[in-house]
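Let me begin by presenting the structure, written as structure tokens, before commenting on it.
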Amino acid sequence: MAQGRGYARPTGRSPLPPRPRRTRPRRPRPHLPRHLTDRAFVIRDHLLDALRGALVAADLPEPPGGLEIDATRQREHGDFQTNAALKLAKAVGRPPRDIAAALVSTLDEKLPRHVARLEVAGPGFVNFHLEPSWLHEVLVDVVVAGDEYGHSAALDGLRVNLEFVSANPTGPLHAGGARWAAVGDALANLLSSQGAQVHREYYVNDAGAQLDRFAESLHARFKKQKLPEDGYRGAYVLDMARRMRAELGNGLDLEQAREWGHADIMRQLHDDLGRIGVHFDTWFSERSLHERGDVDAVIARFLASGRAFETDGAVWLRTSEMGEERDRVLRRSDGTPTYLAADVAYHLDKLARGHAHLIDIWGADHQGQVRSLQLAMEMATGRSQTPEVVLGQFVTLVRHGREVRISKRTGNVITLADILDEVDADVARLTFLLQSIDTKQIFDIDVVTAQSMENPVYYVQYAHARIASIGRRAAERSLARRPLGEVDLSLLVHERELDLLRTLFAYPDVLADAAEARAPHRVTTWVRELAGRFHGFYHDCRVMLDDDPALTQSRLWLAEACRLGFANALAILGVSAPETMSRLDETDDTDDADGSPDEASDGRSHDDSGADRA
RNA sequence: GCGCCCGUAGCUCAGCCGGAUAGAGCGGCGGACUUCUAAUCCGCGGGUCGGGGGUUCGAUUCCCUCCGGGCGCGCCA
């Protein structure tokens, strides 16, 4: 990530399109006393400095690719390790263990602060075993950073426009769209944690034929006529027709049905997204682009600049000049602009509104559009890789052990609202954030609902609630945390305690890496680990000890540091951090009750299920 | 045919820009509640990291190839 300070991070190929790199030098935000992000690297920089000194003293060059110091994976290997000797072996023509031994003996002359001992291990690693004191400093860092713990200024001030969901307004949001809602919102939080100014945006495709067809279906239902050939036959259309009649009475024409239907769907989308805590800054209407003439203007500009040409009454963008196999149509021979033309106009508008970096989260079925849009944007602006498109794989809904696939067109879908009727929003959100968006997700309704007591959400929330509970107990005893400066943190030496601190130490890296990789699920992975470690600590280490006020104080602070970690990570994921958990009784007989087949998937459903994927 | 994603323990998935004996949850078996909520903790069993090459001191991780699965390559959105 961004902290390429002191030690080199090789610039590897990322599987995703290039990321905005921090262009300005890191400058801490003024209102923050001091970031852990900055301080956490102190230990590594400190060790690197020492190591660099040892290299010089031993008359060794910097290893190719730079010096690296990493946290070890196994406790027996100490706290940090360097592979410097391994990397140096070939260049210097000496066995790696010899080099490592030389480094160690030099370092041994004056052990760096916090270092207990050094050793040569394995093929030639140098392992740093540290005193727990360094972890006690981590605790201080966490507490000092408070709510901003782990945050960074890496993207300070960068204006990011993040478009997600953007499902067609032809039906309620289904489970597929819900995944992008959870992921997009968490990604927005994540980028904000790195200092970016993130604008959440939903593109409303209210201009195309899809909406016409939907309006026809609604009107047909309303008039109890048969549906058009490729109409929308989902039950929700019937529902809507019923409500429309109740609200507006009989005798509506198609245009009225269209307007009412559109407004109603928009309200549903807004409400359903609100139920899982997702709120957009802008709902951008595609129709408005056409009405303002932006789409025509884009086409005219391409024609004027010679980047487009007219043949057989259609306008083509010369993407073949960009190394593509074929050109792309901007305006059909019937005079109507293509989806691409509108999309270009839309993304130009985002730039014009001052957003420096554009990110779109789309479902994998829209992959075919990525290149067209990016090339067209490059031809219009000279900027490549704009927008950055994050593609996510589908959600497969499973119920009663069977995959259920149906599109909005052909029948019912399991909507987000349906899911939220059975599962609380926290469970839904975290479930969507459990795994990488590169893998298709199996959303098993029965597992997510019935088995909720073993859900990771509760595991994590319970850990947070336990901390709150300790706080309440402490308050009952009028036991308050004393100022940190008066507390002897060196009493924290239990392996459970140190594990917690190591986990907290890793958090700034996790956040920064997750943000850069556009992978919010990594935050989920981290917070689950923190929860696991906290439960272990809680079990083995009693916090409030009547006969040991000093240890009690340091453990209260440790618990507080953990609380900050939970609150912070859960906030990024958009999951609540409850103070209490309602006691689990034997009351809920987890039976599966209902059955209705369905499925859904799509991301930026420019169409929705366009041609019936089923 | 070409492109993108995936293929890790019975199941669902982590494993970050290569690092030293591959992790978690669920499921199975066996333990721990007079003490801050046992929605917890501890132990056991379980893996040719899809197959095969290559790069490297070192590959689950990078490259090539094959197999399997998902998705995409329109004057559709």
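Just so it is clear, the model here is predicted, and its values are computed rather than measured. A note on names: the letters A, B, ... follow the listed sequences, proteins ahead of strands, and every chain is numbered from 1.
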Query raised in the report: For B:A39, does either OP1 or OP2 sit under 4.0 Å from a side-chain N or O belonging to A:Tyr462?
Result: yes
**Report entry** Short side-chain N/O contact from A:Tyr538 to OP1 or OP2 of B:C33, under 4.0 Å
**Finding:** no
Determine the interatomic distance between [atom1] on [N] and the same-named atom on [M]; round to the nearest Å.
{"N": "B:U65", "M": "B:G3", "atom1": "P", "result": "9 Å"}
{"N": "B:A14", "M": "B:G23", "atom1": "C1'", "result": "7 Å"}
{"N": "B:G19", "M": "B:C42", "atom1": "C1'", "result": "31 Å"}
{"N": "B:C49", "M": "B:U21", "atom1": "P", "result": "14 Å"}
{"N": "B:G74", "M": "B:C63", "atom1": "P", "result": "27 Å"}
{"N": "B:G54", "M": "B:U61", "atom1": "P", "result": "14 Å"}

Touch class at under 4.0 angstrom, heavy-atom based, for [X] against every strand present:
{"X": "A:Ile442", "answer": "sugar-phosphate"}
{"X": "A:Arg555", "answer": "nothing"}
{"X": "A:Ala89", "answer": "nothing"}
{"X": "A:Arg326", "answer": "sugar-phosphate"}
{"X": "A:Ala121", "answer": "base"}
{"X": "A:Glu76", "answer": "base"}
{"X": "A:Gly122", "answer": "base"}
{"X": "A:Gln81", "answer": "base"}
{"X": "A:Asp546", "answer": "nothing"}
{"X": "A:Arg331", "answer": "nothing"}
{"X": "A:Thr439", "answer": "sugar-phosphate"}
{"X": "A:Glu529", "answer": "nothing"}
{"X": "A:Thr336", "answer": "nothing"}
{"X": "A:Arg466", "answer": "sugar-phosphate"}

Report summary line: Nearest heavy-atom approach of A:Tyr203 to A:Ser166 is N-OG, 3.0 Å
Query raised in the report: Does the ring of A:His77 meet both stacking tests against the six-membered base ring of B:A20: centre distance under 5.5 Å and plane angle under 30°?
Result: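 The ring of A:His77 is stacked on B:A20.
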Under 3.5 Å on both distances, the Watson-Crick or G-U partner of [N]:
{"N": "B:U12", "value": "B:A24"}
{"N": "B:C41", "value": "B:G31"}
{"N": "B:G3", "value": "B:C71"}

Report task. Using the closest heavy atom to pick a nucleotide of RNA chain B for each, name whichever of A:Tyr459 or A:Ser436 lands nearer the 5' end. Result -> A:Ser436
Query - Whichever of A:His535 and A:Glu579 has its nearest RNA chain B nucleotide further upstream toward 5' - result: A:Glu579
Can you check the [X] [atom1] to [N] [atom2] distance for me, whole Å?
{"X": "A:Gln393", "N": "B:G72", "atom1": "CD", "atom2": "C1'", "value": "10 Å"}
{"X": "A:Leu330", "N": "B:C75", "atom1": "CG", "atom2": "C1'", "value": "11 Å"}
{"X": "A:Asp70", "N": "B:G15", "atom1": "CG", "atom2": "C1'", "value": "15 Å"}
{"X": "A:Asp438", "N": "B:C13", "atom1": "CG", "atom2": "C1'", "value": "14 Å"}
{"X": "A:Phe125", "N": "B:G18", "atom1": "CZ", "atom2": "P", "value": "13 Å"}
{"X": "A:Arg73", "N": "B:C16", "atom1": "CZ", "atom2": "P", "value": "7 Å"}
{"X": "A:Glu325", "N": "B:G1", "atom1": "CD", "atom2": "C1'", "value": "10 Å"}
{"X": "A:Arg528", "N": "B:A14", "atom1": "CZ", "atom2": "P", "value": "10 Å"}

Can a donor-acceptor pair under 3.5 Å be found between the side-chain atoms of [X] and the base atoms of [N]?
{"X": "A:Gln367", "N": "B:G3", "value": "yes"}
{"X": "A:Asn127", "N": "B:A20", "value": "yes"}
{"X": "A:Gln74", "N": "B:U21", "value": "yes"}
{"X": "A:Asn83", "N": "B:G19", "value": "yes"}

Looking at [X], I'd like to know if its [atom1] atom is crowded, meaning that more than 12 non-hydrogen atoms belonging to other residues, nucleotides or ligands lie closer than 6.0 Å.
{"X": "A:Arg97", "atom1": "CZ", "result": "yes"}
{"X": "A:Glu76", "atom1": "CD", "result": "yes"}
{"X": "A:Glu476", "atom1": "CD", "result": "yes"}

Query - Side-chain donor/acceptor of A:Asp426 to backbone N/O of A:Ser576, under 3.5 Å - result: yes
Query raised in the report: Would you call A:Asp548 and A:Arg555 a salt bridge, using N to O less than 4.0 angstrom?
Result: no
Query raised in the report: Do A:Arg502 and A:Glu495 sit within salt-bridge range, that is, some charged N less than 4.0 Å from a carboxylate O?
Result: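 Salt bridge between A:Arg502 and A:Glu495, a charged N being under 4.0 Å from a carboxylate O: yes.
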Query raised in the report: Which of these, A:Gln369, A:His366, A:His347, sits in a side-chain hydrogen bond (donor to acceptor under 3.5 Å, both in side chains) with A:Asp360?
Result: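 With A:Asp360 as partner, side-chain hydrogen bond (donor to acceptor under 3.5 Å, both in side chains) holds for just one option, A:His347.
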Query - Out of B:G19, B:U35, B:C71, whichever nucleotide has its closest atom nearest the side chain of A:Lys87 - result: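 Of the candidates, B:G19 comes closest.
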